[in-house]
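Worksheet for the structure shown next.
For clarity, every value in this text was computed on a predicted model and none was experimentally measured. To find a chain, count down the sequence lines: A is the first, B the second, and so on, and within it residues start at 1.
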There are 2 protein chains.
Amino acid sequence: MTASGEAARRPPARRPTIKDIARRAGVSESAVSFALNGRPGVSDRTRTRIRRVAQELGWQANSAARALSGDRADCIGLVLARPARTLGVESFFLQLVSGIQEVFSAHRTALLLQVVPDLAAECALYRRWWAERRVDGVLVVNPRTEDPRPRLLGSLGLPAVVVGGLATPGPDSAPPPLPTVWADDAKAMARILDHLHGLGHRRIVHVAGLPELAHTARRIRSLRSEAARRGLDTRQVRSVTTDYSDAEGAEATRRLLDTAEPPTAIIYDNDVMAVAGASVAAERGIPVPRGLSIVAWDDSPLCRVTHPRLTALVRDTAAFGRLAAQELRAVLDGGPVRAVQGELPHLEERESTGAP
Amino acid sequence: MTASGEAARRPPARRPTIKDIARRAGVSESAVSFALNGRPGVSDRTRTRIRRVAQELGWQANSAARALSGDRADCIGLVLARPARTLGVESFFLQLVSGIQEVFSAHRTALLLQVVPDLAAECALYRRWWAERRVDGVLVVNPRTEDPRPRLLGSLGLPAVVVGGLATPGPDSAPPPLPTVWADDAKAMARILDHLHGLGHRRIVHVAGLPELAHTARRIRSLRSEAARRGLDTRQVRSVTTDYSDAEGAEATRRLLDTAEPPTAIIYDNDVMAVAGASVAAERGIPVPRGLSIVAWDDSPLCRVTHPRLTALVRDTAAFGRLAAQELRAVLDGGPVRAVQGELPHLEERESTGAP
DNA sequence: GGTACTCACTAAACCGCATTAGTAGCGGCA
DNA sequence: TGCCGCTACTAATGCGGTTTAGTGAGTACC
């Protein structure tokens with residue numbers, strides 16, 4: 001159903017160019033360019049006058065023209081390769097984007113965001129952006145254990161920063177390392193185990209996310225080594241993987257609770273699964289934390305609205321986004337390839353964890 | 001803490017231009033342009049040959065050059081004016097963005113996303129994008145009851161589509177109407193009231209979102225008129241407003257339950273507040289739905305992980321995004337200013353609603 | 001056989017800016 | 001007086017496309 005209206009399109013105001021400024025200030029276009037870009041070649045008096053005229057006209061450089069002559073796009077890209085199904089359950093991405101923006105908007109650099117169905121589409125998009133010179137660089141999220149992206153971006157020469165840990169290179173020879181910002185999942189996992197082990201838990205299961213993601217692998221590895229270090233039985237302290245959805249989180253919980261020796265504590269890799277797990281416990285009449293302790297990896301309002309409230313690993317995701325953005329800026333400025341570590345998350349102990 | 005590495009920057013492959021294609025195909029640059037854009041002026045034989053060469057070289061038009069000469073940016077913008085605090089609690093935006101992308105990526109048009117703190121910053125950004133010719137058009141979200149954006153965008157001549165209902169014009173004279181895609185909140189509210197009233201509820205409160213948003217006003221108005229139509233007491237069927245956060249949702253619920261005649265049903269304007277409300281009921285030992293029925297406006301995994309699961313108004317947000325994107329495309333193609341209606345949401349009846 | 005017309009293509013201008021290569025004017029200095 | 005070097009500018013070129021204005025060859029027509 002539509003209601004038509006008049007197009008009523010008044011001719012839009014013409015956007016001023018440096019030519020307009022030049023004419024109005026009585027100087028050449030080059031003088032204007034020098035003046036506005038802080039280049040030498042004009043007197044202070046003239047520079048001030050030109051700047052005032054530009055201000056009056058509300059001039060802003062045409063981004064296309066600037067990109068064409070300057071060989072920059074003043075734009076960076078972020079691709080989200082995700083099945084639509086799991087999109088937007090977590091607050092993670094908007095927070096991250098928000099942090100990224102904070103840094104780049106200060107540099108008049110825009111953020112191109114694209115959601116694609118899978119990794120192949122993501123790679124194709126990088127190729128296109130590169131060929132089109134759409135972006136000056138990209139932020140790569142969700143690094144995988146076998147990741148084709150570092151190799152591709154390296155060969156294209158498209159500056160990139162990997163967000164969330166080092167992507168493990170693919171099988172064929174050594175790809176160029178990409179600059180990275182990462183969180184210390186090992187220490188975070190150790191922190192959680194300290195907490196649970198200290199409370200007396202010996203049967204602890206980690207309901208992890210997608211197995212192909214690098215950070216999932218890191219967390220699983222870390223759980224195993226931390227368990228070993230504490231002399232815990234690795235059949236009773238282990239990880240299972242899911243697709244991050246509430247459905248699989250609940251399903252995994254049911255399966256775990258149905259075993260002969262069910263875990264006394266479960267660590268969920270995101271907030272949604274943790275809440276789903278708590279819900280399964282409630283459905284079975286298992287008291288939390290007495291019958292089952294629950295930890296959520298990543299805090300959110302969700303963790304605070306359940307009963308009991310969920311103990312959660314709190315990260316400042318926006319800060320992580322800022323860090324990633326700063327690193328990409330540094331790389332664009334010709335900085336070295338580095339691996340920068342984000343701040344260590346802390347465990348917010350709430351009522352969902354206690355002695356078994 | 002950082003670990004340095006070698007810059008190891010191999011000289012990136014040079015990106016091919018039409019000049020390269022022209023040289024290799026033995027024709028002029030104009031011929032290449034004609035051939036690749038489907039313009040007349042080259043024979044079919046030559047056209048095919050040029051296309052093959054372009055393919056071989058992996059050529060893609062430099063977006064800046066095309067934007068400069070074609071006076072388009074092949075890019076649309078979306079600004080999110082939100083305090084960082086309330087960012088990303090709802091799944092709404094990523095879903096919307098995902099739908100928008102689907103349409104625009106098919107047209108090789110990119111999406112520029114920016115998060116800003118407030119409306120003033122949003123307006124400033126529109127001005128800048130316009131002056132910089134960064135975008136061909138924008139999608140305006142969260143229309144307000146008194147909204148400066150239609151007037152601004154109209155005066156700039158920056159094509160725009162308002163997502164989520166007609167923005168009520170500001171006080172000073174009539175601003176140009178903007179094309180819109182909207183959801184019928186009135187019918188949706190009527191549907192919810194049908195359900196609750198049919199179950200026997202007479203004291204129904206609507207915990208709404210931010211009062212300055214146009215859709216909040218529409219829902220409040222609609223609740224009032226629907227209540228009147230059914231002869232319900234408007235002191236017992238009413239709305240209260242919040243900032244959408246779990247905290248205010250919980251707080252509002254507490255206040256409501258503390259009154260002499262507490263509501264027997266509450267309608268929450270988002271999923272997070274609904275879950276928070278359910279949590280407050282649990283904390284007070286009020287059984288849901290026997291002691292309190294709960295409806296969430298917008299479904300999400302959250303509504304399915306609580307106990308009992310929440311009755312929710314289900315909208316296909318990605319589809320709404322697609323619709324908005326299609327409308328903006330139409331406007332960019334010179335279509336008329338219209339108000340297009342999205343599909344009517346449906347009420348998913350779950351266990352959180354029942355007879356009082 | 002000359003003119004008109006079409007076809008397939010090339011040359012050149014242009015989009016708005018950055019940058020490089022001049023150039024005019026002037027003071028200093030031998 | 002002539003030359004140098006500096007300042008403050010202007011002219012011209014290029015970025016990579018699109019588009020307009022030619023241009024030469026071939027064909028149709030009288």
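- Between B:D20 and B:R24, none of the side-chain N atoms (NZ, or NE/NH1/NH2) sits under 4.0 Å from a carboxylate O, so this pair counts as no salt bridge.
- Taking atom CG of A:D71 as the reference point, atom C1' of D:dG14 lies 12 Å away to the nearest angstrom.
- No more than 12 heavy atoms of other residues, nucleotides or ligands sit less than 6.0 Å from atom CZ of B:R127.
- Remark: B:W59 is not in phosphate contact with D:dG16, judged by side-chain N or O atoms under 4.0 Å from OP1 or OP2.
- Contact record, A:L156 with A:W130: O-NE1, 2.9 Å, taken as the closest heavy-atom pair.
- Counting to the nearest Å, the C1' atom of D:dG16 and the CG atom of B:N62 are 6 Å from each other.
- Shown here is B:R72, whose CZ atom has more than 12 heavy atoms of other residues, nucleotides or ligands within 6.0 Å.
- Across the protein-nucleic acid pair, A:E29 atom CD and D:dC9 atom P stand 16 Å apart, rounded to whole Å.
- Non-hydrogen atoms lying under 4.0 Å from DNA chain C are contributed by B:A31, B:F34, B:G41, B:V42, B:S43, B:T46, all within residues 31-48 of chain B.
- Residues B:I100 and B:G321 share a closest heavy-atom pair of CG1-O, 3.5 Å.
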* Could you walk me through whether B:V337 and B:L178 pass the side-chain contact (heavy atoms from CB on, under 4.5 Å) check? -> CA-CA 7 Å; B:V337 172; B:L178 245 40; 6.0 Å; no
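- The pair B:R108-A:E132 counts as a salt bridge, with a side-chain nitrogen and a carboxylate oxygen less than 4.0 angstrom apart.
- For A:S28 and D:dT10, the shortest distance from a side-chain N or O to OP1 or OP2 is below 4.0 Å.
- Base contact: B:S30 has a heavy atom under 4.0 Å from a base atom.
- Rounded to whole Å, atom P of D:dG17 lies 7 Å from atom CD1 of B:I21.
- Side-chain atoms of A:S30 and A:S33 include no donor-acceptor pair closer than 3.5 Å.
- Shortest non-hydrogen contact noted between B:P179 and B:A160 is CG-O, 3.0 Å.
- Listed pair B:R66 / D:dT18 meets the phosphate criterion, a side-chain N or O lying under 4.0 Å from OP1 or OP2.
- Nucleotides of DNA chain C lying under 4.0 Å from heavy atoms of chain B occupy a range whose first and last members, 5' to 3', are C:dA8 to C:dG16.
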